[in-house]
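Take a look at the structure below.
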Amino acid sequence: CSQRTYTYLLPISWLPGGEELAKWWLTTQRQSNFTAENPPPQPTLQLIKNALKSAECPVYQNRRMRKRANTRVDPNVMSRPKPGRPGAVSPKERRPWHNYSAPSLAGAASPNHGVCWKVLERARLGLILNHRDGEEVVLVVELRGDEFAQEQVRRIVGTAVAVAHGWLPDDFLSTSTRSDTCVETPLAPAGRMYLSNLRFQGRGGDVIQWPKEAEAKRAEWTNSLQHQILDRLAEGSVAAAETCWLKEL
């Protein structure tokens, strides 16, 4: 597998001004691009978008590109693309995600080991999901990369929420992916994440492709899955645990 995509269902109520923003969204009822005739009452969406984007690995610059831009290689923040893995992620820099790995990995997640150096190609907001006629409004967060460490997705989301609130600095996601930095990162609650896509690529392109006629069924299945996850999370004990997590954060 050359590319994986994970999705996290992020309640808009976790973000600053979330309740007011949810009411605005239910009034406008736009499901993509975050545009509406009336602007959002809070800059929350832009804050979380910026925080997620700062986690993305930049495009790798070869020697000629660095010479043209008059820049040098910093071994603490980047590495060469992973060899022998064709596909969209190959031009991106690998970064060490040791601060976003499960503590149980211990020395295996050290930045001195290549196992924690991975490519996060994309970290963006997808659709806004209206669950049960406004009972819950959810941001669909998508993270795409070559590989992910245990707990990496949940820690990126937890950190992005903290940055959006101003509890962590805006550049935290970029500075915490330096090999010379060791810092604790917040872990978002479990149960809201699922593996949403896989790509298998060879030198001639995708080895496995979705047929066009299957896209509609796939979208219908995904929507059903998302609502099933949210129904399960609506239980009192789960909701209380998530509220407690946000307060501790």
Side-chain angles (χ1 to χ4, degrees), residues 1-11 14 48 51-52 54-57 75-79 81-82 85 89 92-124 139-165 167-169 171-199 225-226 229-230 232-233 235 237-249:
C1 179
S2 56
Q3 188 182 91
R4 297 164 175 82
T5 302
Y6 283 92
T7 297
Y8 191 94
L9 303 179
L10 174 64
W14 290 3
I48 194 69
L52 290 169
S54 68
E56 296 178 359
C57 296
N76 293 315
V77 298
M78 61 85 67
S79 176
K82 184 175 292 187
R85 295 292 294 274
V89 297
K92 294 279 189 172
E93 295 178 358
R94 286 184 295 163
R95 289 197 166 190
W97 293 93
H98 55 291
N99 291 319
Y100 294 83
S101 302
S104 59
L105 296 178
S110 168
N112 296 324
H113 297 164
V115 67
C116 75
W117 288 75
K118 304 179 186 300
V119 175
L120 180 62
E121 182 189 5
R122 184 180 177 90
R124 304 286 176 87
L139 300 177
V140 181
V141 180
E142 297 178 348
L143 291 95
R144 184 174 67 199
D146 60 342
E147 295 175 324
F148 288 88
Q150 185 180 352
E151 296 186 357
Q152 181 182 341
V153 171
R154 291 168 56 198
R155 289 185 180 277
I156 291 174
V157 172
T159 300
V161 171
V163 170
H165 276 279
W167 300 332
L168 289 174
D171 62 348
F172 184 85
L173 276 155
S174 57
T175 57
S176 58
T177 51
R178 294 176 55 96
S179 62
D180 58 352
T181 302
C182 184
V183 63
E184 184 180 358
T185 54
L187 178 64
R192 292 183 171 272
M193 183 187 75
Y194 64 92
L195 179 65
S196 53
N197 195 29
L198 296 172
R199 290 185 69 182
L225 172 66
Q226 291 171 341
I229 291 174
L230 295 175
R232 184 187 62 194
L233 293 169
E235 299 177 1
S237 59
V238 176
E242 291 183 343
T243 301
C244 182
W245 170 82
L246 191 60
K247 290 181 179 180
E248 291 178 354
L249 181 63

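Just so it is clear, the model here is predicted, and its values are computed rather than measured.
In plain terms, the two heavy atoms of Ala55 and Leu173 that are nearest each other are CB-CD2, 3.9 Å. The two residues Trp245 and Leu187 have their closest heavy-atom pair at NE1-O, 2.8 Å. Between Leu233 and Gly191, the shortest heavy-atom contact is CD1-O, 3.7 Å. Of all heavy-atom pairs spanning Ser196 and Thr7, the tightest one is OG-OG1, 2.9 Å. The two residues Val161 and Ile48 make their nearest non-hydrogen contact at N-CD1, 4.1 Å. Here the shortest heavy-atom pairing between Ser179 and His98 reads CA-CE1, 3.9 Å.
For Ser174 (side chain) and Ser54 (main-chain N/O), no donor-acceptor pair under 3.5 Å exists by modelled atom type. Looking at Asn197, its side chain never comes within 3.5 Å of a backbone N or O of Thr5 through a donor-acceptor pair. Checking side-chain atoms of Arg192 against main-chain N and O of Leu9 turns up a donor-acceptor pair under 3.5 Å. Put simply, the side chain of Thr181 never gets that close to the backbone of Ser176: no donor and acceptor are under 3.5 Å apart. Side chain of Arg94 to backbone of Lys118: no donor-acceptor contact under 3.5 angstrom is found.
Atom CE of Met193 and atom CG of Leu10 lie 14.0 Å apart (nearest 0.5 Å). Going from atom CD of Glu142 over to atom CG of Leu52 covers 11.0 Å, rounded to the nearest 0.5 Å. Here Asp146 contributes atom CG and Arg199 contributes atom CZ; the two are 13.0 Å apart, rounded to the nearest 0.5 Å. In this structure, Trp117 CH2 and Cys57 SG are separated by 10.0 Å, a value rounded to the nearest 0.5 Å. Taken to the nearest 0.5 Å, the CG atom of Leu249 stands 7.5 Å off from the CG atom of Leu168.
Under the 30°/60° scheme for interplanar angles, the aromatic rings of Tyr8 and Trp14 are found to be tilted. Ring geometry, His165 versus Trp167: the interplanar angle falls under 30°, so the pair is classed parallel (tilted spans 30 to 60°).
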For Ile156 and Val141, run side chain to side chain contact (heavy atoms under 4.5 Å, CB included): C-alpha distance rounded to whole Å, both residues' side-chain angles, the deciding distance at 0.1 Å, then the answer. CA-CA 11 Å; Ile156 291 174; Val141 180; over 6 Å; no
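Residues Glu242 and Leu246 form no side-chain contact, since every pair of their non-hydrogen atoms from C-beta on lies 4.5 Å or further apart.
Residues meeting the salt bridge (charged side-chain N to carboxylate O under 4.0 Å, His left out) test with Arg155, sequence neighbours left out: Glu151. Residues forming a salt bridge (charged side-chain N to carboxylate O under 4.0 Å, His left out) with Arg124 (at least two apart in sequence, or on another chain): Glu56.
A donor-acceptor pair shorter than 3.5 Å cannot be found between the side chains of Tyr100 and Thr177.
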